[in-house]
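Okay, so here's the structure we're looking at.
Worth saying up front: this structure is predicted, and the values here are computed from it rather than measured.
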Amino acid sequence: MRVLILGGTTEARRLAELLDVVPDLRVTSSLAGRVAGPRLPPGEVRVGGFGGAENLAVWLGEHRVDALVDATHPFAETISRHAARAAAVADVPLLVLCRPGWTPVAGDRWHEAGSLEEAAALLPSLGRRVFLTTGRLGLAAFAGLDALWFLVRSVEAPEPPHPARMEVLLDRGPFTLDGERELLRRHRVDVLVTKDSGGAATAPKLTAAREAGLPVLVVRRPPVPADLPVVTTPEEAAAWLTAHRDGPRR
């Protein structure tokens, strides 16, 4: 059985590890290639985009893929849409592996936005010293907020356009609660902006913000394409794939 994992996430790597020990299962993990020196999963690895849904469908057919797993970041909306279209065209079963989103608890001061642009419009009413953790590719939405100061944390250095008053912190999770507390204190942050990425690796910032009484501006994640099976853990995804091993080969 041949499986293609659209990955780049912790969950995708874990799924590849689980499948690596399953007999008669050949796994290829596809990474977008946007991060230099990514943590590679076991098995075959493909780096780079497919060039759209049609080309992905062709790849699935040429490589006789029996199952496709979309384990990309919850905000990788374009590739998820392409995956759904390609799987339908190639008649390949598609499973979405998506970690659960965060939910507010007592003491949180959350404000929600439907997009980065909406978040940028709301931000000036919430604070002046911003801890921005939405990734390096979405900074253009905040580029016109010259009255605000930004601490931007990302794995790699961002490129323009970006906020004029900005300090960049290059770092990769997981992050600790003590570290997030100190970060907020040292930089005198008064508002946190984040995407609802879910997971434990970057969640301590939410706890630190709650403890400090800071508002948190949360960008809602896009919906999963309709009518697709969805699981939330690599173990569930591995069980789903194992159940499909005896299905008809393509």
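- The side-chain heavy atoms of Ser80 and Val224, taken from C-beta on, include no pair separated by under 4.5 Å.
- Grouping the Ile, Leu, Val, Met, Phe, Trp and Tyr side chains by contacts below 4.5 angstrom, directly or via other members, places Met166 apart from Leu137.
- Closest of all the heavy-atom pairs between Ala87 and Leu68 is CB-CD2, 4.2 Å.
- Looking at Val69 and Val3, their side chains come closer than 4.5 Å, going by heavy atoms from C-beta outward.
- In this structure, OG1 on Thr242 lies 7.0 Å from CG on Leu19, to the nearest 0.5 angstrom.
- For the atom pair Leu132 CG and Leu145 CG, the distance stands at 9.5 Å (nearest 0.5 Å).
- Annotation: side chain of Val231 is in contact with side chain of Leu95 (closest heavy-atom distance under 4.5 Å).
- Annotation: side-chain contact (heavy atoms from CB on, under 4.5 Å) contacts of Glu167 (sequence neighbours excluded): Trp149, Leu151, His187.
- Taking hydrophobic clusters as Ile, Leu, Val, Met, Phe, Trp and Tyr residues chained together by side-chain heavy-atom distances below 4.5 Å, Leu18 does not share a cluster with Leu40.
- With contacts defined as side-chain heavy-atom distances shorter than 4.5 Å, the pair Phe142/Leu123 qualifies.
- With sequence neighbours excluded, the residues satisfying side-chain contact (heavy atoms from CB on, under 4.5 Å) with Thr202 are Trp102, Phe175, Lys205.
- Residue pairs meeting the side chain to side chain donor-acceptor pair (under 3.5 Å) criterion with at least one partner in residues 224-238, sequence neighbours excluded, are Thr232-Glu236, Thr233-Glu236.
- Qualifying salt bridge (charged side-chain N to carboxylate O under 4.0 Å, His left out) partners for Arg220, counting only residues two or more places apart in sequence or in other chains: Glu112.
- At a threshold of 4.5 Å between side-chain heavy atoms, the hydrophobic network of Ile, Leu, Val, Met, Phe, Trp and Tyr places Val193 and Leu214 in two separate groups.
- Pairing each heavy atom of Ala113 with each of Glu118, the nearest pair is CA-OE2, 3.6 Å.
- Every residue meeting the side-chain hydrogen bond (donor to acceptor under 3.5 Å, both in side chains) condition with His73, not counting sequence neighbours, appears here in chain and number order: Ser197.
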(request) Show your working on salt bridge (charged side-chain N to carboxylate O under 4.0 Å, His left out) between Glu17 and Arg14 and close with a plain yes or no. (result) CA-CA 5 Å; Glu17 292 170 354; Arg14 176 57 181 157; 3.5 Å; yes

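- Atom OG1 of Thr133 sits about 9.5 Å away from atom NZ of Lys195, to the nearest 0.5 Å.
- Not counting sequence neighbours, the partners of Arg185 by the salt bridge (charged side-chain N to carboxylate O under 4.0 Å, His left out) test are Glu182.
- Taking the side chain as every heavy atom from C-beta outward, Ser30 and Leu4 approach each other to under 4.5 Å.
- The shortest non-hydrogen separation linking Leu94 to Trp240 is C-CH2, 4.2 Å.
- Judged as a side-chain contact (heavy atoms from CB on, under 4.5 Å), and not counting sequence neighbours, the contacts of Arg85 are Ala53, Val89.
- You'll find the side chain of Val216 stays beyond 4.5 Å of the side chain of Val191, heavy atoms only.
- Distance check: Thr72 OG1 to Leu31 CG gives 11.5 Å after rounding to the nearest 0.5 Å.
- Formation of a donor-acceptor pair under 3.5 Å by the Arg109 side chain with backbone atoms of Gly213 is found in this model.
- At distances below 3.5 Å, not a single donor-acceptor pair connects side-chain atoms of Ser154 with backbone N or O atoms of Val168.
- Separating the CG atom in Leu228 from the SG atom in Cys98 is a distance of 11.5 Å, to the nearest 0.5 Å.
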(request) Decide yes or no on side-chain contact (heavy atoms from CB on, under 4.5 Å) for Met1 and Asp24, but give the supporting numbers first. (result) CA-CA 6 Å; Met1 180 178 180; Asp24 302 323; over 6 Å; no

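- The heavy-atom pair separating Leu170 from Ala157 by the smallest distance is CD2-N, 3.5 Å.
- Considering all non-hydrogen atoms of both residues, Gly127 and Leu148 come closest at O-CD2, 3.5 Å.
- Residues Val27 and Leu15 share a hydrophobic cluster, clusters being chains of Ile/Leu/Val/Met/Phe/Trp/Tyr side chains in contact below 4.5 Å.
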Can you give the donor-acceptor pairs under 3.5 Å from side chains of residues 41-52 to other protein atoms, not counting sequence neighbours?
| from | atom 1 | to | atom 2 | distance (Å) |
| --- | --- | --- | --- | --- |
| Glu44 | OE1 | Thr28 | OG1 | 3.1 |
| Glu44 | OE2 | Arg26 | NE | 2.7 |
| Glu44 | OE2 | Arg26 | NH2 | 2.9 |
| Arg46 | NH1 | Gly48 | O | 2.6 |
| Arg46 | NH2 | Gly49 | O | 3.1 |

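- The hydrophobic clustering, which links ILVMFWY residues whose side-chain heavy atoms are closer than 4.5 Å, places Phe131 and Val219 apart.
- A donor-acceptor pair is defined here as one N or O able to donate and one able to accept, closer than 3.5 Å; no such pair exists between the side chain of Asp196 and the backbone of Gly101.
- Across all non-hydrogen atoms, the minimal contact from Pro158 to Leu139 is CB-CD1, 3.3 Å.
- Salt bridge annotation for Arg136-Glu156: present, with a cationic side-chain nitrogen under 4.0 angstrom from a carboxylate oxygen.
- By the ring-ring contact (aromatic ring centres under 6.0 Å, His included) test, His63 is found to be paired with Trp59, residues two or more places apart in sequence or in another chain being considered.
- Legend: salt bridge (charged side-chain N to carboxylate O under 4.0 Å, His left out) pairs involving residues 139-153, not counting sequence neighbours, sorted by first then second residue: Arg153-Glu180.
- Within the 4.5 Å cutoff, the side chain of Thr134 has no heavy atoms near those of the Thr194 side chain.
- Shown here are the side-chain contact (heavy atoms from CB on, under 4.5 Å) partners of Arg210, two or more places apart in sequence or in another chain: Val105, Asp108, Thr207.
- Rounded to the nearest 0.5 angstrom, Asp66 CG and Arg2 CZ are separated by 9.0 Å.
- Here the side chains of Leu192 and Leu217 are not in contact, with every heavy-atom distance at 4.5 Å or above.
- Listed by chain and residue number, Arg181 satisfy the salt bridge (charged side-chain N to carboxylate O under 4.0 Å, His left out) test with Asp178 (two or more places apart in sequence, or in another chain).
- Crowding of Arg186 atom CZ: a count of heavy atoms from other residues, nucleotides or ligands under 6.0 Å exceeding 12.
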